[in-house]
Undergrad: 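Dumping the structure here so I can ask a few things about it.
Order of the sequence lines fixes the chain letters, A, B, ..., with proteins taken first and strands second; residue numbering starts at 1 for each chain.
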Number of protein chains: 2
Amino acid sequence: MTDITNQDIIPNISVDCVIFGFHENELKVFLLNYTGTNLWALPGGFIEKNKTIEEAGADILKERIGLENIFLKQFDVFSNPERSKHAPEILELIKKIGRYDVSVFQSRFISIGLYALLDHTKVTTTLDRYSDKSKWVAIDKVKNTILDHKEIINTALKTLRLQISYTPIGYNLLPQKFTMPEMQSLYETILGKKLDRRNFQRKMNAYNILNKLDEKREGVAHKAPFLYEFNQENYKEALKNGFNNSW
Amino acid sequence: MTDITNQDIIPNISVDCVIFGFHENELKVFLLNYTGTNLWALPGGFIEKNKTIEEAGADILKERIGLENIFLKQFDVFSNPERSKHAPEILELIKKIGRYDVSVFQSRFISIGLYALLDHTKVTTTLDRYSDKSKWVAIDKVKNTILDHKEIINTALKTLRLQISYTPIGYNLLPQKFTMPEMQSLYETILGKKLDRRNFQRKMNAYNILNKLDEKREGVAHKAPFLYEFNQENYKEALKNGFNNSW
DNA sequence: AAACCATTGCGTCTTTGTGACACAATGATA
DNA sequence: TATCATTGTGTCACAAAGACGCAATGGTTT
């Protein structure tokens with residue numbers, strides 16, 4: 001990762017990425033630990049002068065998670081002038097680290113929230129010299145976050161739950177081949193409630209975004225479930241137009 | 001309106017308000033004409049240091065439209081580095097006007113898009129010394145806009161059309177008492193298509209956000225339609241939770 | 001090897017929502 | 001007084017969604 005000097009960034013605008021992962025029936029979020037503290041933060045950064053928000057987000061994902069071409073969705077802007085009032089906690093650290101000029105953190109900045117959904121197992125964490133630890137934290141166990149990052153995570157989850165009702169979900173979250181119960185488990189995890197197995201299958205099939213394969217998952221206890229894959233074309237189409245047009 | 005000096009604003013972040021009005025079965029957007037040009041712009045401005053995005057938007061609505069407590073919805077962020085490349089057209093003007101330091105416009109800035117829906121007739125336009133004209137322009141007749149304001153308007157409309165399927169609409173757009181055909185006309189205008197009168201009525205009533213009054217609209221040709229008003233409590237509830245929960 | 005049993009796949013029944021349309025009531029207008 | 005565009009209500013057919021029955025599957029247990 002190349003360093004970013006203050007000349008190259010817009011000092012008042014940052015992006016923060018809420019990266020959701022799905023593992024062992026839990027929805028998790030990816031957090032970084034800044035060296036020498038017990039504080040955790042969303043991967044993020046200031047925006048370089050010649051980049052869009054989306055490009056800035058994609059750069060962060062590539063640097064920190066090692067993945068490209070991930071669907072990133074802007075969901076809100078966090079602009080409370082008080083949001084950086086806890087900054088003193090990390091100002092000392094910033095000074096040590098020398099990545100950005102401390103003055104950047106002392107003045108107010110807004111943050112644009114992006115979220116991504118991805119397959120937890122594909123991630124190869126790339127730590128840099130500003131953080132020596134990272135972890136996936138269950139969505140309801142997030143704590144010790146800097147600034148308003150907890151609020152950002154909560155808002156991302158709320159947006160995700162709203163969007164799941166009119167947008168297809170799962171493309172980057174599930175492995176290439178997956179079973180219907182796995183898909184259901186993903187939905188249940190995001191929504192935080194149980195769904196009827198049989199009705200779920202019927203409705204999901206009606207969306208027409210999956211290809212049923214002629215294979216079954218092997219080596220599992222009990223009846224082996226069929227494997228599915230995403231129908232790329234229809235999935236993209238559904239992303240554009242949504243499911244429930246209602247009027 | 002008090003002047004804003006460069007010391008009080010964040011130079012890289014502006015808000016632009018897409019103010020939709022509904023009149024004569026047309027969806028219109030409110031635009032300002034900068035003095036001495038044929039260029040039109042969305043009401044907007046830079047953000048003061050101690051304000052949130054929402055507060056900045058509310059200030060603009062109050063100053064330019066004379067209305068308070070209007071529902072403003074953040075819908076996107078416009079961050080293309082090229083977005084201000086047409087700025088030279090207005091740089092001369094900015095210089096004359098002296099509202100902001102020209103350097104602010106010469107450097108890149110992002111803009112956060114907000115939209116509002118309101119009753120066209122309640123508006124008392126307040127012109128300032130930067131603009132001597134304002135007008136309501138039919139949504140499909142917008143032209144000669146500065147920067148990427150046309151794109152901002154298009155995106156706002158797209159968002160509005162998407163949101164109308166899971167969010168109640170109309171509170172600030174219709175008069176306090178209104179008829180079902182008026183409500184339908186609003187929906188048809190936003191969606192850009194005709195709806196069945198009878199099915200619309202049934203569905204709208206099922207949403208449970210309206211109170212049917214014991215009065216009819218008087219002095220109209222043909223059969224007089226009943227008047228309705230919004231059920232404040234249920235409307236707010238619906239705004240929070242949405243209509244189509246789907247899962 | 002046979003019985004077991006948790007899980008899957010498919011189907012049924014009922015209720016609710018939606019699109020299309022019929023018909024009577026209304027009330028200003030001719 | 002007759003006309004007629006418009007409104008309010010209802011019907012019918014069909015699709016979507018929730019609840020649940022039941023047989024098939026295939027590893028596990030005895």
Undergrad: Let me know, please, whether A:Asp196 or A:His222 comes out on the 5' side of the other along DNA chain C by nearest nucleotide.
TA: A:His222

Undergrad: Hey, does the side chain of B:Asn33 reach the backbone of B:Leu39 with a donor-acceptor pair shorter than 3.5 angstrom?
TA: yes

Undergrad: Yes or no on salt bridge (Lys or Arg N to Asp or Glu O under 4.0 Å) for B:Lys212 and B:Glu229, after CA distance, side-chain angles and deciding distance?
TA: CA-CA 7 Å; B:Lys212 186 174 182 177; B:Glu229 66 180 9; over 6 Å; no

Undergrad: Send over the distance from B:Glu218 CD to C:dT26 P, rounded to a whole Å.
TA: 16 Å

Undergrad: Test for a donor-acceptor pair under 3.5 Å between the base of D:dG8 and the side chain of B:Arg197, counting only N and O atoms.
TA: yes

Undergrad: What's the CG-P distance between A:Asn205 and D:dA17, to the nearest Å?
TA: 13 Å

Undergrad: Can you identify which nucleotide, out of C:dG9, C:dC21, C:dG27, has its nearest atom closest to the B:Lys216 side chain?
TA: C:dG27

Undergrad: Output the rounded distance in Å from CZ (A:Arg217) to P (C:dA6).
TA: 22 Å

Undergrad: Could you tell me how far apart B:Phe226 (CZ) and C:dA25 (P) are, to the nearest whole angstrom?
TA: 15 Å

Undergrad: Phosphate oxygens OP1/OP2 of D:dA23: is one of them under 4.0 Å from a side-chain N or O of A:Lys223?
TA: no

Undergrad: Just the rounded figure in Å: distance from P of C:dG17 to CG of B:Asn208.
TA: 12 Å

Undergrad: OP1 or OP2 of D:dG8 less than 4.0 angstrom from a side-chain nitrogen or oxygen of B:Gln201, does that happen here?
TA: yes

Undergrad: Sub-3.5 Å donor-acceptor pair from the side chain of B:Lys28 to the main-chain atoms of B:Ile19, do we have one?
TA: no

Undergrad: Examine the base of C:dA20 for any acceptor or donor lying under 3.5 Å from a partner atom in the side chain of B:Arg198, and report the outcome as yes or no.
TA: no

Undergrad: Within this structure, what is the CZ-to-C1' distance between A:Phe243 and C:dG17, rounded to whole angstrom?
TA: 19 Å

Undergrad: In terms of side-chain heavy atoms of B:Lys203, which of C:dT8, D:dG8, C:dT18 is nearest?
TA: C:dT18

Undergrad: By nearest nucleotide on DNA chain D, pick out whichever of B:Met180 and A:Arg202 is the more 5' one.
TA: B:Met180

Undergrad: Taking everything shown except B:Asn69 itself, do over 12 heavy atoms lie less than 6.0 Å from its CG?
TA: no

Undergrad: Grab the CG-C1' distance between A:Leu227 and D:dT25 for me, whole Å please.
TA: 15 Å

Undergrad: Taking 4.0 Å as the cut-off, does a side-chain nitrogen or oxygen of B:Lys212 come that near to OP1 or OP2 on D:dT9?
TA: yes

Undergrad: I want to check a possible cation-pi pair here: B:Lys135 against B:Trp40, using under 6.0 Å from ring centre and within 45° of the ring axis as the test.
TA: yes

Undergrad: What is the separation between atom CG on A:Leu195 and atom P on D:dA17, rounded to the nearest whole Å?
TA: 13 Å

